[in-house]
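Presented below is the structure to which this report refers.
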Amino acid sequence: WGLELCEDTVEVLQGFGRMAALGLDSVLDSYWEKMQNSPFETSALSSLLFLQRPVSAISGRLQFQLFLFFVGLYSSAIGCISLSRYNLSQNVNILGPYRHYRFTTMVTRDGSTGRDIRSPGVEDFGILKRGSTQCTPHNRNAHNGNKFREYLPTRVVGTSLLQTFEKPTKMSGWYVTMLHDEETQDTDPTYFEIWGTSSDFNVTGGCAEGGAVGGTYNGDTIEWCGVVWDKVGVPAVRYDRLSFQMEPAKWLRFTHLHNKELSMSRDVSRRFELSPPFLFYLFYNTLAMGIQGVLSFFVLVVAMRGGVIMRWRFNIHVLLGLTVGSPAVLSALAALTVLFQGESERQHLAWEAIARIVRPAIVFYACAYQGPWFVYLLGLSSVVDIAVTVMVNLVLFGEPFRNVSLTGFVWLFLCVYVGMFRVRDLSRSRNLFKADQERYDKLWTQLTQDEDSRMGIDHLKKVVLMIGLDETNYCRQHNRVRADRLPKAQREKYEKASTEESIRVRTCPLFYEMGHILVPSRPNASSLVSSFDQLYAQAGVANLQLLKRLRVWAEMTNGMFPVSQGNTVVFARWNDIKDDLHLSQQVRWTLIKRHGRVFEKLLRSYGNERARLLDISRNLIVFETMTDLTNCLGIIVTDENIRVERLKNRMDLSYDSSETGGYRDVCIN
């Protein structure tokens, strides 16, 4: 459209036009998206898990798919067993059978324990049974004298209340009735224990006094008045979540929590059911594990089919995040159901459920957003899970290791295992260029020992500082500002400063007709380049211009380029070869960065941010002296045809060359 272009540039632009006509103008972007959502078949797992998209990278691996299968199988089994166990607990009496049930106050409201306790502290006590109302407080008196009565009246034995049956009887819970007198509140129980036995016993001496004097306590059993009793009840009961036991009694755990609200109401019977609250158990146990199992199998199918099912494409990392995060949502719902019910003896269930939200929430974030810190977040979630388990054990049982977080330790082991392989692989990679680094360091030592070279290094450092563009400068690939999208005031100012003819001359006719008018040399800070094809198209044109400037700079500063001579490569001054047609054709100009290396840098170093790719078009000039290098730097910075964005001075004495395997240079963007 009136611009004069060199032959090479015309050839490049014609190539772009042919690619667009063949529909290949977005081939790199399509390949990148396909590669990100497909597995890496040959890379080590320890490397893949530290990529920007680790879940997507390992989704096709057999190890990952087997992991999903076992997680789905385990979670589904736990969910089904939990549902069956709850239904069983609603239809049968959970604990027993025992002939004797004993209520014993262990701690009172005034803090009394052991021998300081003088009485049971309650008016009445009895057990509850499924399918019968004989032992409930509502009709107990109505059955006095009834021929179907199975129990004997409750009697006080020392500091305990005892209920005896004619034959062993199972229980589904119990009730207690507080004393009538308001003045006896200090003796009311805040923590009690209920024991059962079928053995006959004799109350002799002080065996029935406070604190089970004369008895031998051993966790969930105790020897009291000559016989062994089993613990069958406490104020607050916990239910194991990850248990394969079908019997309801096997997943009950008796806590050591004290409940000061037990005696707030006088002369009122309070029921304690051993079966869990329905909504809490449904959300926290059955649905949390069941849904996780179903989603695990679904993710497995998606992974095996490459992320596509019936023309629907799924992001595996998002699905996996939802899978591991679903228990967090359901645990929160379970906690809310208990808190809204307001039953003091079950509040600990809600707080434990809330504490259990942290680990799946961290894993959800790690899976959904991925990143090179994926393994570290998994390790953090494992440590959190172990810490939460220890905390729950201390609060509920007074023993930090009463229960062990098996999932926490398994995840932590896997993270440490992967981390060890990662360290091993990095060590091996460093050993690959160890010899090169030693040679580079030897040359650098020789250079710094020369006084003239040392002065040149110091002078270079001062020049770089004077320019003020160090390697920490923000540097990204930006799109250009469009005049038609400027704010009204700025657009009018731009139109006044530029004539219509000048705008038409420097704008492609097609763009001009569409109104896409770009402002020259004005990057749009809010619009980063996000297309590979755009970057490579720009690099193709920029590379031609860069080669021209390289020749000019090298001619002015005795710069050298690599030249092929047979099977070897030597460095020759441009001034010596520029007039020799044969030698100038043997110069080994640096090629545009290959696609594979670009993708590698994005995955490993740049966080998938394409705008950080600044060296697709790149080249080099070699110098014999630090003086020539410094002079060339000054010429480049003051060249009106380019703009320097960033400088990396790896020739500085303070630079740690181990980051680049001993290699040193001055890098200019």
Test item: [X] side-chain N/O and [Y] main-chain N/O as donor-acceptor pair under 3.5 Å:
{"X": "S84", "Y": "I81", "value": "no"}
{"X": "S453", "Y": "Q449", "value": "no"}
{"X": "N669", "Y": "E645", "value": "no"}
{"X": "S427", "Y": "R424", "value": "no"}
{"X": "R618", "Y": "L591", "value": "yes"}

Kindly compute the distance separating [atom1] ([X]) from [atom2] ([Y]), expressed to the nearest 0.5 Å.
{"X": "L295", "Y": "L68", "atom1": "CG", "atom2": "CG", "value": "11.0 Å"}
{"X": "I616", "Y": "R610", "atom1": "CD1", "atom2": "CZ", "value": "11.0 Å"}
{"X": "F364", "Y": "I357", "atom1": "CZ", "atom2": "CD1", "value": "13.5 Å"}
{"X": "I592", "Y": "D615", "atom1": "CD1", "atom2": "CG", "value": "11.5 Å"}
{"X": "Y86", "Y": "W251", "atom1": "OH", "atom2": "CH2", "value": "9.0 Å"}
{"X": "M651", "Y": "D665", "atom1": "CE", "atom2": "CG", "value": "8.0 Å"}

Please check if the distance between the ring centroids of [X] and [Y] is under 6.0 Å.
{"X": "F67", "Y": "W411", "result": "yes"}
{"X": "H595", "Y": "Y536", "result": "yes"}
{"X": "F413", "Y": "F409", "result": "no"}
{"X": "Y239", "Y": "F280", "result": "no"}

Would you say [X] has more than 12 foreign heavy atoms packed within less than 6.0 Å of its [atom1]?
{"X": "W553", "atom1": "CH2", "result": "yes"}
{"X": "K593", "atom1": "NZ", "result": "yes"}
{"X": "K601", "atom1": "NZ", "result": "yes"}

Do NZ/NE/NH1/NH2 and the carboxylate oxygens of [X] and [Y] come within less than 4.0 Å?
{"X": "R439", "Y": "D436", "answer": "yes"}
{"X": "E659", "Y": "R650", "answer": "no"}
{"X": "R356", "Y": "E352", "answer": "yes"}

Quiz item: Any side-chain heavy-atom pair from Q477 and L535 closer than 4.5 angstrom?
Solution: yes
Practice problem: Please tell me if the side chains of L282 and T337 come closer than 4.5 Å, counting only heavy atoms from C-beta onward. | Solution: no
Quiz item: What residues form a side chain to side chain contact (heavy atoms under 4.5 Å, CB included) with L414, not counting sequence neighbours?
Solution: V410
Quiz item: Sequence neighbours excluded, which residues qualify as side chain to side chain contact (heavy atoms under 4.5 Å, CB included) partners of D441?
Solution: Q437, S657
Exercise. Answer yes if the side chains of D29 and S26 hold a donor-acceptor pair under 3.5 Å, and no otherwise.
Key: no
Quiz prompt | Exercise: do N393 and R402 side chains pair donor with acceptor under 3.5 Å | solution = no
Exercise. May I ask you to check if R664 and Y440 form a cation-pi contact, with NZ or CZ under 6.0 angstrom from the six-membered ring centre and within 45° of the axis?
Key: no
Closest approach of [X] to [Y] (non-hydrogen atoms, all atoms of both residues):
{"X": "R454", "Y": "T448", "answer": "NH1-O, 3.8 Å"}
{"X": "M626", "Y": "L447", "answer": "SD-CD2, 4.4 Å"}
{"X": "W444", "Y": "D652", "answer": "CZ2-O, 4.3 Å"}
{"X": "L547", "Y": "N619", "answer": "CD2-ND2, 3.3 Å"}
{"X": "I362", "Y": "L377", "answer": "CG2-O, 3.6 Å"}
{"X": "D240", "Y": "R253", "answer": "OD2-NH2, 2.9 Å"}

Quiz item: What residue pairs, at least two apart or across chains, pass side-chain hydrogen bond (donor to acceptor under 3.5 Å, both in side chains) with a residue in residues 66-78?
Solution: S75-Q292
Quiz prompt | W351 and its side-chain contact (heavy atoms from CB on, under 4.5 Å) partner, picked from L339, V392, L396, V338 | solution = L339
